[in-house]
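Presented below is the structure to which this report refers.
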Amino acid sequence: DDDDHNNQTHDGANKRSVMNNLYHDAHMERIRQSIMAADEARCCSQSSRFCANKFHTQFAVRDVIRCKLERVKEHEMVSSNTDTEQYYEYCSDPNLYYWEHFRHCACDFAECYVHRKYRNLKQEMLHNTTCRMQTEEFDQLWYKAEQLLRHSHFIQRMRYKENVDTMYYGIPRDAAFGVVNIFCILVYTHCVVLSAHFRDSFRRRNRCESMQHVKHRNAEFWWLSRILRETVDGFGTGLGE
């Protein structure tokens, strides 16, 4: 009798476990559908001046959903009335501008112009109030950039291409790829914490955050933002090329 009772108890626990898993899977599917719908709506309603920034960490929709669902499971916040927006990262971010042409535009571009805060790139990297580099780290990365330029014939042959995106950047056609361009790429790829703060400076942290707050954060990385944009737009290669 005791064995039968234990077996019944065990079977009952298994059934409850299966039902719980089915419920959670069904609820996860509803959250996944909500996230996909929100993402599709964002893409459809997004205007040209609020297109995805080149340095915003955008993932494939499938990866975004997977990350959001993992976050739901991790914090055990699954409920029938879950607000999916708290799992949906707000990413309708402004495309910011750093060149004088956009400062004086009599259009919406002027609203996205960021004023320079630091005198030069080195001062910005060493003294910004968000995430600073140590002088030794700056010198090491600059030396590495110099060595890459000196020893790479491919980099030496790279030339600036003027196009629709770069026509107001004020850089001469066929300008050479410089140490400063390589350095900024190294900062973006090697300095993990600084790079994370840099990417965050483009994002609205919530739907109500004003443009001025976004520009204030991004001004801490004015030089890095500008040089990387010039590097990608002027020296980069399109996906179809």
Side-chain angles (χ1 to χ4, degrees), residues 31 34-59 61 63-65 67-68 71-72 75 77 82-121 123-133 164-166 168-170 184 187-188 191-233:
I31 293 177
S34 298
I35 292 173
M36 288 186 66
D39 184 76
E40 184 176 351
R42 177 188 64 81
C43 292
C44 293
S45 63
Q46 205 169 333
S47 64
S48 59
R49 72 187 181 93
F50 286 96
C51 60
N53 194 286
K54 290 182 173 62
F55 305 110
H56 192 305
T57 49
Q58 298 289 343
F59 304 94
V61 173
D63 295 330
V64 172
I65 293 171
C67 292
K68 303 308 176 186
R71 191 182 307 172
V72 174
H75 294 285
M77 297 178 67
T82 301
D83 180 7
T84 57
E85 285 197 4
Q86 63 184 307
Y87 309 117
Y88 184 79
E89 184 175 314
Y90 187 71
C91 55
S92 183
D93 302 321
N95 211 8
L96 303 177
Y97 299 93
Y98 312 92
W99 302 271
E100 285 298 312
H101 168 81
F102 299 100
R103 180 179 184 179
H104 304 292
C105 272
C107 60
D108 290 339
F109 288 111
E111 181 188 358
C112 298
Y113 176 81
V114 181
H115 291 271
R116 189 184 70 187
K117 183 174 181 179
Y118 300 99
R119 187 174 56 224
N120 52 50
L121 176 64
Q123 186 183 65
E124 178 177 283
M125 292 294 95
L126 299 182
H127 301 290
N128 75 79
T129 61
T130 304
C131 184
R132 302 173 183 174
M133 294 179 68
V164 175
D165 292 327
T166 65
Y168 298 114
Y169 289 0
C184 288
V187 170
Y188 186 75
C191 303
V192 178
V193 177
L194 190 151
S195 182
H197 284 287
F198 168 68
R199 293 192 300 271
D200 183 64
S201 73
F202 293 98
R203 300 176 180 142
R204 292 188 180 199
R205 291 178 174 171
N206 56 66
R207 295 182 183 274
C208 299
E209 186 172 37
S210 69
M211 175 69 72
Q212 292 302 320
H213 281 96
V214 177
K215 294 196 297 183
H216 178 75
R217 281 201 308 277
N218 186 250
E220 296 294 330
F221 299 107
W222 190 92
W223 284 102
L224 184 61
S225 301
R226 172 173 173 155
I227 295 170
L228 280 176
R229 278 277 292 282
E230 293 171 348
T231 301
V232 172
D233 290 346

Practice task
Report yes if the side chains of Ser201 and Leu96 come closer than 4.5 Å at any heavy-atom pair, otherwise no.
Solution key: no
Handout entry: Qualifying residue for side chain to side chain contact (heavy atoms under 4.5 Å, CB included) with Phe221, from Val187, Leu194, Val114
Key = Leu194
Fill in the blank from the handout: Applying side chain to side chain contact (heavy atoms under 4.5 Å, CB included) to Arg132 and not counting sequence neighbours gives Asn128
Handout entry: Pairing of Glu220 and Lys117 as salt bridge, 4.0 angstrom limit
Key = yes
Exercise for the section: For the pair Phe198 and Ser225, evaluate side-chain contact (heavy atoms from CB on, under 4.5 Å) and give the outcome as yes or no after the intermediate values. Expected result: CA-CA 8 Å; Phe198 168 68; Ser225 301; 3.2 Å; yes
Fill in the blank from the handout: So CD of Glu111 and CD of Gln212: to nearest 0.5 Å the spacing works out to 8.0 Å
Exercise for the section: Specify whether Phe102 and Tyr168 have parallel, tilted or perpendicular ring planes, treating 30° as the upper limit for parallel and 60° as the lower limit for perpendicular. Expected result: perpendicular
Fill in the blank from the handout: Smallest heavy-atom separation, Asn95 atom then Cys112 atom, equals O-CB, 3.6 Å
Problem - Backbone N/O of Tyr188 and side chain of Ser195: donor-acceptor pair under 3.5 Å - result: yes
Exercise for the section: To the nearest 0.5 angstrom, please state how far the NE2 atom of His197 sits from the SG atom of Cys191. Expected result: 12.0 Å
Exercise for the section: May I ask you to test the His115-Arg103 pair for a side-chain heavy-atom distance under 4.5 Å? Expected result: yes
Handout entry: Side chains of Phe202 and Asn218 in contact at under 4.5 Å (non-hydrogen atoms)
Key = yes
Completion exercise
For Gln123, the side chain to side chain contact (heavy atoms under 4.5 Å, CB included) test, sequence neighbours excluded, returns Tyr118, Arg119, Asn120, His127
Practice task
State whether a side-chain donor-acceptor pair under 3.5 Å links Glu100 with Tyr113.
Solution key: yes
Handout entry: NE2/His101: more than 12 non-hydrogen atoms of other groups inside 6.0 Å
Key = yes
Problem - Trp223 side, atom CH2; Leu228 side, atom CG - distance, nearest 0.5 Å - result: 13.0 Å
Problem - Lys/Arg-Asp/Glu bridge criterion (N-O < 4.0 Å) met for Arg217, Glu209 - result: yes
Problem - Cation-pi check, Arg229 onto Tyr97 ring (under 6.0 Å, within 45° of axis) - result: yes
Handout entry: CA sep, side-chain torsions, deciding dist, call: Arg226, Tyr169, side-chain contact (heavy atoms from CB on, under 4.5 Å)
Key = CA-CA 9 Å; Arg226 172 173 173 155; Tyr169 289 0; over 6 Å; no
